[in-house]
K.L.:
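Have a look at this one before I ask anything.
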Amino acid sequence: MTEIRKLHKAGSRRISYNHSEVEKYWQKVWDKEGLYTPDIHKSENKFYNLWMFPYPSAEGVHVGTIFSSTGSDVYGRFMRMNGYSVFQPIGFDSFGIHSENYAIKIGENPRFTLGRTLPHFKNQFKMIGHEYDWTKTVTTSDIDYYRWTQWIFVELFKSGLAYRKYVKVNWCPSCKTVISDEQVVTPAQAGKDPRDENGEIVKEEEGMRVCERCGFLVQDKELEQWMFRITDYADRLLDGLGGIDWPEKIKTAQKNWIGKSTGALLTFNLQPTTHPPAHKASEGQSILQPITVFTTRPDTVFGATFMVVAPEYAQKYLLKYISEDKINDVTKYINISLKKTKDIRLLNKEKTGIETGLFALNPATKKDIPIYVADYVLSDYGTGAIMAVPAHDERDFAFAKKFNLPIHKVIDQTLETHTVLIKNSLEDGFSDEIQKNNWYLTDYFDWGYGLVLPASDEHKLIEVIQKFLKSGPWYVHTDGSLKAVIFKDKVFSIENENEQAKDYAREISVTEEQIDWDNKDNYMFCHNKNGVLVDSGSWNGLKYPEDYEKILSDVEKNGWGERKSQYHLRDWLISRQRYWGPPIPMVFCSNCKSKGKSWFTSEKFDNYKKHIRNSKLEIRNFDDWSSSGWYPEENLPVELPDIQNYQPEGNGRGPLANHPEFYKTKCPECASVARRETDVSDTFLDSAWYFLRYPSVRIEDQESRRVEDKNNLPLTTDNLQLPWSPEVTREWLPVDLYFGGAEHAVLHLMYARFVWKVLRDLGYLDSQNDEPFPRFFAHGLMIKDGAKMSKSKGNVVNPDDYVEKYGADTLRLYLMFMGPMDGYPDFRDTGIEGMRRFIEKLYQVFQMSDDKYQITNKNKLEIKQHQTIKKVTEEIQQFKYNTAIAAIMEYVNSLRESISNSKFLISKQPKNLTIKRFSGDKMEESPTSQVLQPTTYNLYLQTLALLLAPFAPHITEEVWHKILGHKSSIHLAKWPKYDSELVKEETITIPVQINGKLRGTIQIEAGKSNDKEYVLSLAKENEKVNKWLSAGTVKKEIYIEGRLVNYVVS
RNA sequence: GCCGAGGUGGCGGAAUGGCAGACGCGCAGGUCUCAAAAACCUGUGAGCCUUAAAGCUCGUGGAGGUUCGACUCCUCUCCUCGGCACCA
């Protein structure tokens, strides 16, 4: 709002450089000449400059987008001027929930909305001076594009990488659809009262998860969904990070997302219980399925004193073994747990759980250990079951305390810290004491606190406890046995002083009831640090982590389990129960299913596998894969029908499920009535391969020729073509520079890498490189009013008004000048006037050549020129555009100062350069009478234009032609080179310090900077320096060549 | 809790061991003007001192350390932002 008002105010001032006329003119010329359309068949010196394509929102481009796109554009222009054949395409990520939601809001089909938004986007990009290769654009919702997205799905299915599975999803009962984790927010974030499924407002509680759009409480729902086996590629996705030029923080984010942890799967045999149902007992051990657990600490297996399984696990695998006297309670617990949402489960730190009455055999200790169900064990990590080692895991420890389970230490700590449990019965002031000692509290345990302190502080702790003890004795237990009793003024620390302690208690009239000798809740150690194994059979004396490798191989040797890695990365959920996306190209036949038939037979698959060239695919067993009844569509595309009512319904199916004309089809196998899949695929699949398509857009059909197998085996269908030309793709990919937002660090960038690897493995992509983006630059996000710019926050800034008032060059420069590209600049338009001022000054400078005006200090200018070329070149290479622009500003200031009578001139109106450009639609050649002579000084001006061209493409093109008299575009001109000799100053200023403090400066000739004696003597002559030198004796003289002098004086 | 990024004038930011605050915004004074705007010139980290010139002290979240010299390197600590989070 305020910006607009300021704009109007600013509009009243004199404008001498007519930006709109100049900018529109050159945009038209560029368009006509196809300046930015490289010959895709000539890949010599190619540079594929990719910018993350936007989704075409109805509101159009905002300045945050421009910040990003200009950053990419500047680099592309820079590379073009450095002689590269730059391919810089643009496209639109037009499918997806954003566009769909907007269309629902205004009540039209998304494809109509798109008809308006695409031209709007295109105009805005042109207006800002982004001249992409408009002959090669991609729109993901075009049928020519999404047919290939569907093709990729089919290929993944055929290669065993797409499968169906029941998964837990977020379900909004009001929007009647699955929503992504990002759309699940707290009521405060949604700005709405939370409502239950009937629409009744409910009381807001902590940890509530609601839908960001409507505020209804999100439910967990199990649906059968299509998944991609990205986890099969986890190791390659991880290893690939090693060889690519990406920001470290992005690599770290991907590494963490993949979240590899190495350890072992251990097998615990279920034991026949004393009260099993008779028929189960009689069948003996053999029918009891063992419980497999994942652990990163197999070294602690001797300390596993019980097991815990997730409620989901218990429901699926254990219920059948549980005896009748327990079954009701266990079932009840499971049901309650499953009803809780994830966040409520997490929020509640108090451990809950229930005994199953079942036992398993600890393979190491050969002891039977009890099995519990508890919801602190997650069903979707590891196997859904754990071995509990309470002595060395805080969560297991808390559980053991609550259920009074044995705690068995197997690692002697060699470490410096303990975790000690402190009950709440201490006086105020205790926490101050904790702080004073630099101990710290964890709030982990529901019944008290964990206190972390150095092991050497144990005695101190006892003193502190005494000091703040309210009443009664404290008991110190270690590993389950009583070690000490603490009274207010006395400590009994040896076990067999127990009687004395009792006597003492009576003495100070603590009643018997208060003395609970077996209460173990008071003081106990648990640690998960490094140490030496004890009480662990043949492993005694081994060290963790030093002997981890031996432990793993022993585990395998003993048959206790096998080594195994776990990943945080989950398989990619592809299904969306929405309308605006590519229909998943699969057909389901219930007849075939009933016969257990499907496309995916081992025979079919083996046959398919033969066609996979370059196969690194590891096909694993498909036990968990409900493939029966499913067939891939052979006739692509499956067109997204143009339907009226595409709103989601809420039955767990997409809107297409209401359209029999869409889903009714014939089974390709048995020809009976079959049903097409009605879900569409995730938008991230569209954007996972768009960069592969760009170079091949509009390449004639014969060029995207049939893929032939190296062994001359035809692929599955006869007329198979590819969405890209193999030749062009081989030449232009991988992408040379990918420029985009850091917010895509994990999802998009991970998916694109995955799809690239798969396509390579399947032989459709002939590239040496296993990575699509060997170089990626992550810029930051533009902030406005403390939040990132987004429609939902209502803080977007439209660039159009700024372009109109100040010009595209001004806005581009302003955005690039705000801060470093990888920062998070806060958009404020207070400085944009200043940037416009700079454009005016610039325009004036170009009109002050030395054939008309007296120029002084030409030598200095020569040096400044070369310094500026060096600086700007290096800064652009590092995406430090703000300092590059600052250097250009300095250069302009130098040029201005060098004009002897500039003070007089500057206040004058610039020479009238008004040139006729348009008469109707026709462009007219403009007069070039103002053209400067190529004097030395005018070459300085030429350098200025060149250096600024990537940032301000219009004004530089204007002066390049109209003032500097060139015939071809500045954007094809050669980037200036600097002379490393001329970068050096003739005289340099050397600061002189006394004891590290600046006391004076001296001027020396550059040639003499290596003469230490000379410089030091000169420094001593300096009056100010001398004063300080004579105040003491000089202990040391330091001279850093060409940098500074420092005297140590005392 | 874990991982990551960061903390420098009134503001955006510059300086990766060597003159802290480049460049720009803003602000103040001045020139021009009947006046204003625009434009241009000068000044602009804080404090002390001086008629003035000059000079001095402090200063990059805080506390220590390494160094002739630290915004920069090391240790500890506080705060802000972003991501992940009962991951066995």
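Proteins come first, then strands; the chains are lettered A, B, ... in the order of their sequence lines, and each starts at number 1. The shown structure was predicted, so the numbers you read here are calculated from the model rather than taken from an experiment.
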K.L.:
Could you check how far CZ of A/Phe67 sits from P of B/rG13, rounded to whole Å?
P.N.:
10 Å

K.L.:
With sequence neighbours left out, what residues match A/Ser68 under side chain to side chain donor-acceptor pair (under 3.5 Å)?
P.N.:
A/Trp51, A/His779

K.L.:
Please give the distance between the C1' atoms of B/rU66 and B/rG13 as a whole number of Å.
P.N.:
30 Å

K.L.:
What's the shortest heavy-atom distance between A/Ala314 and A/Ile334, and which atoms?
P.N.:
CB-CD1, 3.7 Å

K.L.:
Using only side-chain N and O atoms of A/Tyr1047, determine if any of them is under 4.0 Å from OP1 or OP2 of B/rC68.
P.N.:
no

K.L.:
Between atom CE in A/Met816 and atom C1' in B/rG13, what is the gap in whole Å?
P.N.:
15 Å

K.L.:
Starting at CD of A/Gln254 and ending at C1' of B/rC3, how long is that distance when rounded to a whole Å?
P.N.:
15 Å

K.L.:
What is the distance, to the nearest angstrom, from the CG atom on A/Asn995 to the C1' atom on B/rA70?
P.N.:
16 Å

K.L.:
Whether A/Lys249 contacts B/rA5 is assessed here as follows: a side-chain N or O lying under 4.0 Å from the phosphate OP1 or OP2. Is that the case?
P.N.:
no

K.L.:
Identify, with sequence neighbours excluded, every residue that meets ring-ring contact (aromatic ring centres under 6.0 Å, His included) alongside A/Tyr567.
P.N.:
none

K.L.:
In whole angstroms, how far is the P atom of B/rG13 from the OH atom of A/Tyr824?
P.N.:
13 Å

K.L.:
According to side chain to side chain donor-acceptor pair (under 3.5 Å), who are the partners of A/Thr262, at least two apart in sequence or on a separate chain?
P.N.:
none

K.L.:
Give me the distance, rounded to whole Å, that separates B/rC76 from B/rA28 when you measure between the C1' atoms they each carry.
P.N.:
44 Å

K.L.:
Taking ring-ring contact (aromatic ring centres under 6.0 Å, His included) as the test, write out the residues that go with A/Tyr381, two or more places apart.
P.N.:
none

K.L.:
So which nucleotide from B/rC86, B/rG18, B/rC68 ends up closest to the side chain of A/Ile1038?
P.N.:
B/rC68

K.L.:
Rounded to the Å, how far apart are A/Gln844 CD and B/rC40 C1'?
P.N.:
10 Å

K.L.:
Which is true for A/Arg999 with a 4.0 Å heavy-atom rule: it touches a base, it touches only sugar-phosphate, or it touches nothing?
P.N.:
sugar-phosphate

K.L.:
Without decimals, in angstroms, what is the distance between A/His568 NE2 and B/rG83 C1'?
P.N.:
11 Å

K.L.:
Could you measure between the two P atoms, the one in B/rG43 and the one in B/rA54, and give it in whole Å?
P.N.:
13 Å

K.L.:
My understanding is that only residues two or more places apart in sequence, or in another chain, count here; which of them pass side chain to side chain contact (heavy atoms under 4.5 Å, CB included) with A/Asn362?
P.N.:
A/Phe268, A/Val301, A/Ala304, A/Ala364, A/Thr365, A/Ile369

K.L.:
Mind checking what makes ring-ring contact (aromatic ring centres under 6.0 Å, His included) contact with A/Phe67, not counting sequence neighbours?
P.N.:
none

K.L.:
Which part of the nucleic acid, if any, lies within reach of A/Asn256 when heavy atoms closer than 4.0 Å are counted: base, sugar-phosphate only, or nothing?
P.N.:
sugar-phosphate

K.L.:
Taking B/rU80 as the reference, what is the distance to B/rU67 when you measure between their P atoms (whole Å, please)?
P.N.:
35 Å

K.L.:
Might you work through the salt bridge (Lys or Arg N to Asp or Glu O under 4.0 Å) test for A/Lys251 and A/Glu248, ending with a clear yes or no?
P.N.:
CA-CA 5 Å; A/Lys251 288 206 232 179; A/Glu248 276 310 312; 3.8 Å; yes

K.L.:
Which of residues 874-884 of chain A have a heavy atom under 4.0 Å from RNA chain B?
P.N.:
A/Lys880, A/Asn882, A/Thr883

K.L.:
Give the B/S/- string for nucleotides 23-31 of chain B, one per nucleotide from 5' to 3', where a protein heavy atom under 4.0 Å of the base yields B, of only the sugar-phosphate yields S, and otherwise -.
P.N.:
BSSS-----

K.L.:
How would you list, by chain and number, every residue that makes a ring-ring contact (aromatic ring centres under 6.0 Å, His included) with A/Tyr548, sequence neighbours excluded?
P.N.:
A/Tyr544

K.L.:
From B/rA88, B/rC86, B/rG13, pick the nucleotide closest to the side chain of A/Asp375?
P.N.:
B/rC86

K.L.:
Are side-chain N/O atoms of A/Thr383 and A/Tyr313 paired as donor and acceptor at under 3.5 Å?
P.N.:
no

K.L.:
Using the C1' atom as the reference point in each nucleotide, state the distance between B/rU8 and B/rA46 in Å, no decimals.
P.N.:
14 Å

K.L.:
How far, in whole Å, is B/rA5 from B/rA37 if one measures between their P atoms?
P.N.:
48 Å

K.L.:
Are any non-hydrogen side-chain atoms of A/Tyr802 and A/Val797 less than 4.5 angstrom apart?
P.N.:
yes

K.L.:
Checking base pairs now: Watson-Crick or wobble, both atom distances under 3.5 Å. What partners B/rU67?
P.N.:
none

K.L.:
Between the base of B/rC86 and the side chain of A/Lys351, is there a donor and acceptor pair under 3.5 angstrom?
P.N.:
yes

K.L.:
Find the distance A/Ile839:CD1 to B/rA39:P and express it as a whole number of Å.
P.N.:
14 Å

